[in-house]
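Presented below is the structure to which this report refers.
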Amino acid sequence: MTPTATYRLQLHSDFPFSAAEEAVPHLAALGVSHLHLSPVLDAVPGSQHGYDVVDHARVRAELGGEEGLRALSRTARAHGLGLILDIVPNHMAVPAPESLNRPLWEVLREGPDSPYARWFDIDWEGGGGRVLLPVLAHRIGDELDDLTVDGETLRYYDHAFPLRAGTAHLPMPELLDAQWYRLTWWRLARTELNYRRFFTISELIGVRVEDPEVFAASHAKILELVRDGVVEGLRIDHPDGLADPEAYLRRLQDAVGGCWTVVEKILTGPERLPAEWPVSGTTGYDALYRIDGLFTDPSGVAELTAHYRDFAGPAGDRGGYWEATVRRSAYKVLTHELAAETRYLVRTAERICAADPALRDYAPWALREAVRELLVRVPVYRPYVTAGGPCPESAAAAVPVEAARQVKAGFAVREEAAVVDLVRDLALGRLGDGPDRAAFCARFAQTASALRAKSVEDTAFYRYTPLISANEVGGDPGAPGVSPADFHAFCTRLARDWPATGTVLSTHDTKRSADVRARIAVLSECPGRWARLLAGLAQVPGPDAHLAWTAWQTALGFAEPDAERLTAALLKAVREAGLHTSWTEQDEVYERAVAEFVAAGPAGAPFETVAKFARDLDPHVRANVLGATLLHLTMPGVPDLYQGTEREFRALVDPDNRRPVAFAAPAAGDDDLSAQKYAVTVAALTLRRAHPEVFGESGTYTPLTAEGPAADHCVAFCRSGRAVTAVTRLSLRLADAGGWRDTRLPLPEGRWTDTLSPSRAFTGSVPVADLFGDRPVSLLTRAPEEA
């Protein structure tokens, strides 16, 4: 069953299945068809997100266990709702104590001969026959006194490791040498780790779900819940981490029999979701970019960027230009956080060359340079290809010929430059399908994905900040604006090719909630005013100008002087940027200066200056918030609402965006932005649920074009001849230009009723000023017999 709309709930011990049950009546009244649950399988105790799975066979007891999940399903069904589950096929947790993950525990005890060894992506050769575990606070020589033996278990603070049979009596140095694992200093994870991770997180170990037995064991409980009707849809977390995403998805669909499934796939620029994947579409970050882009003025961004360069003085790694920032960030991530992954690829390439007489014995340094330089030039998350299989044009474009040419130009000797073509062919699977070739092809793609995520989402987004609302997952800060024509083209393609894809505005992973981004985006319409405001705030100096620029934009978007929440978000920003401090090399003096600046500025008395500036922008923020909401809920695809976003929802980067929310309608008589957003949300969702033939997979999408001097400020479309959406874009620019004047919107034939004000009806060519009346959006319907 394809949902009409889903509602994401973040489950944890303080919000278990029973609490979700209590919210069901409110969520059913909104008009959604399904609850979208964060991961429910057993995870590390106390986990606030559930992506650190330790046991695929059990529903998490902290949430209420399997009976609690089934009870929630029954309650939801009684209110006409189904359940969608977020599942995590790519990785499991390396928990403390390690015994929580039984498959991993058995591997640590029995080594490569364990029946569970096939579960994990472990490079035994790279670890000298052992699993390298970066858990020690210091080098091993300084930690011996903190290691103790307890029966057949080796303990280190919260960690517990199994001992091989007959080794418990050995002196500690000999005991450590006798195990199938080697405990290492946590800093060595960068260079010596020999298992595949989730991005750069050593506490999450890659699972070889491409193995049929591993797939069967790790999916048995999920498949049971689908077969029993407890679950009606699946969200697949991070498919780009898998060795062969398409093969995995085919195996999954064979097992679940057509269950609605979407994948958390980030599409870059013109990249398209592979048409052959057996899924309904993505989780919706591609839609987020197009919606946000409509409310971003490209000319204003250009002016804002000039002010940013003048104010923040970005140079070098601060990144005054987007593409250069991305490239520098990629080098930094690849040579530091992902150095172990690069070493694995080089070692694998060396073995391939040594074993094949047809290949030259290239020097390791040349292989290393070719691997690194090609990886940083992959313009998307990864190629989709398997060794020895076909190499479609889209896969070849992921490792571009032009990129190879640029890399070869950096080699002094022509013969040495040929190594670049060798590495590119290996990455694209063109040199056969032996074990090493298959391993290189898969790991190159997996590493490219991790590199893209870490260098763009988690580094460049925090280094390049002219307009921080544009720095969102799936976005393009270098070209954040989207024209009405491009938006319509995107929606037309969705309606034709992916009508049941997911769409989103806020998620558990967005850097800022949609309503925070909507406030900040208005700055693209008044860049000069923003520059003047910052000049007046210069009496509160930040630790550096780049941080000050980011902090004041964050404060504007957040719209309240909350020192604790603002400081937490900004400390995460500066650590991710890695320019003055980082997660692993924290500069306490700089970080204290950040906290003091927030208290004295964005969360102090000077915030009132920002607040006054923000109040002047409130009407335009309202237009952005309501416009984005209505577009999201009526465009092609299945909209997913993040918890709490039916009302105004101001949240910063995680964990701030996972804070508890109140599940309640606005009080009677409220007419603030929250109440208005709630009214638009309920009206659109109720209409969607009542008329799946209009908005669902068989529905059509027809752009409508306004006529007149302000035509580009009106974005409108008709769904299946029965519903018309119209919203105001760039309302501040519109006001500055004199308003709507005689701009009109020709409606399709018939009498159209305003869903938000049923006493109002329209026919023919309508003055846009009349259409919008007292709100910047309009949702019109007409009866089927009039269509």
Side-chain angles (χ1 to χ4, degrees), residues 287 290-295 482-492 495 503 505 518 619-620 622-637 639 676-677 679-688 691 694-695 699-735 737 739-782 786-787:
R290 269 73 180 194
I291 297 172
D292 275 9
L294 267 180
F295 300 96
V482 173
S483 70
D486 287 343
F487 176 80
H488 288 313
F490 173 74
C491 290
T492 300
T503 62
L505 277 179
H620 313 294
R622 175 174 173 257
N624 283 5
V625 169
L626 298 184
T629 298
L630 187 57
L631 290 176
H632 176 219
L633 299 180
T634 57
M635 68 188 289
Q676 294 170 35
K677 185 182 180 187
V680 169
T681 298
V682 171
L685 289 177
T686 301
L687 192 63
R688 284 191 73 99
H691 298 288
V694 173
F695 297 97
T700 62
Y701 178 92
T702 305
L704 300 179
T705 303
E707 300 171 346
D712 278 351
H713 291 279
C714 176
V715 175
F717 53 80
C718 182
R719 298 303 312 274
S720 305
R722 300 266 301 280
V724 166
T725 288
V727 306
T728 305
R729 69 182 288 263
L730 306 183
S731 63
L732 177 53
R733 292 288 201 204
L734 172 67
W740 291 112
R741 289 163 284 169
D742 58 350
T743 304
R744 307 179 73 88
L745 180 67
L747 296 174
E749 291 185 7
R751 184 174 184 272
W752 294 88
T753 301
D754 187 340
T755 303
L756 298 169
S757 300
S759 62
R760 296 183 349 123
F762 304 93
T763 59
S765 181
V766 181
V768 172
D770 293 346
L771 177 67
F772 290 134
D774 61 354
R775 66 174 62 87
V777 300
S778 185
L779 177 59
L780 310 178
T781 60
R782 66 177 176 181
E786 297 181 15

Pairwise distance [atom1]([X]) to [atom2]([Y]) - rounded to 0.5 angstrom:
X: M635; Y: F487; atom1: CE; atom2: CZ; result: 4.5 Å
X: R719; Y: T781; atom1: CZ; atom2: OG1; result: 14.5 Å
X: H713; Y: L734; atom1: NE2; atom2: CG; result: 5.0 Å
X: F695; Y: R722; atom1: CZ; atom2: CZ; result: 9.0 Å
X: L704; Y: L747; atom1: CG; atom2: CG; result: 7.0 Å
X: L730; Y: N624; atom1: CG; atom2: CG; result: 7.5 Å

Could you pull out the closest heavy-atom pair between [X] and [Y], with the gap in Å?
X: P636; Y: T503; answer: O-CG2, 3.6 Å
X: A679; Y: L756; answer: O-CD2, 3.9 Å
X: A706; Y: C714; answer: CB-CB, 4.1 Å
X: G721; Y: T700; answer: N-OG1, 4.5 Å
X: R729; Y: V482; answer: NH2-O, 3.7 Å
X: V694; Y: A723; answer: CG1-CB, 4.3 Å

Quick one, [X] and [Y] - any side-chain contact, counting heavy atoms below 4.5 Å?
X: T743; Y: P709; answer: yes
X: W752; Y: S778; answer: no
X: L631; Y: C491; answer: no
X: S720; Y: H691; answer: no
X: T753; Y: R760; answer: no

In a table with atom names and distances, give each donor-acceptor pair under 3.5 Å that connects a side chain of residues 763-775 to protein atoms at least two apart or in another chain.
unit_1: S765; atom_1: OG; unit_2: R744; atom_2: NE; d: 3.2
unit_1: R775; atom_1: NH1; unit_2: S757; atom_2: OG; d: 3.1

(Q) Between F762 and V724, does the side-chain contact (heavy atoms from CB on, under 4.5 Å) criterion hold? Intermediate values first, please. (A) CA-CA 11 Å; F762 304 93; V724 166; over 6 Å; no
Q. Relative to each other, are the rings of H488 and F717 parallel, tilted or perpendicular (30° and 60° limits)?
A. perpendicular
Q: Look at the side chain of R741 and the backbone N and O of A710, then say whether any donor-acceptor pair between them is shorter than 3.5 Å.
A: no
Q | Test side-chain contact (heavy atoms from CB on, under 4.5 Å) applied to L630 and V680, V715, T681, the passing residue | A |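 Considering V680, V715, T681, a side-chain contact (heavy atoms from CB on, under 4.5 Å) with L630 is found only for V680.
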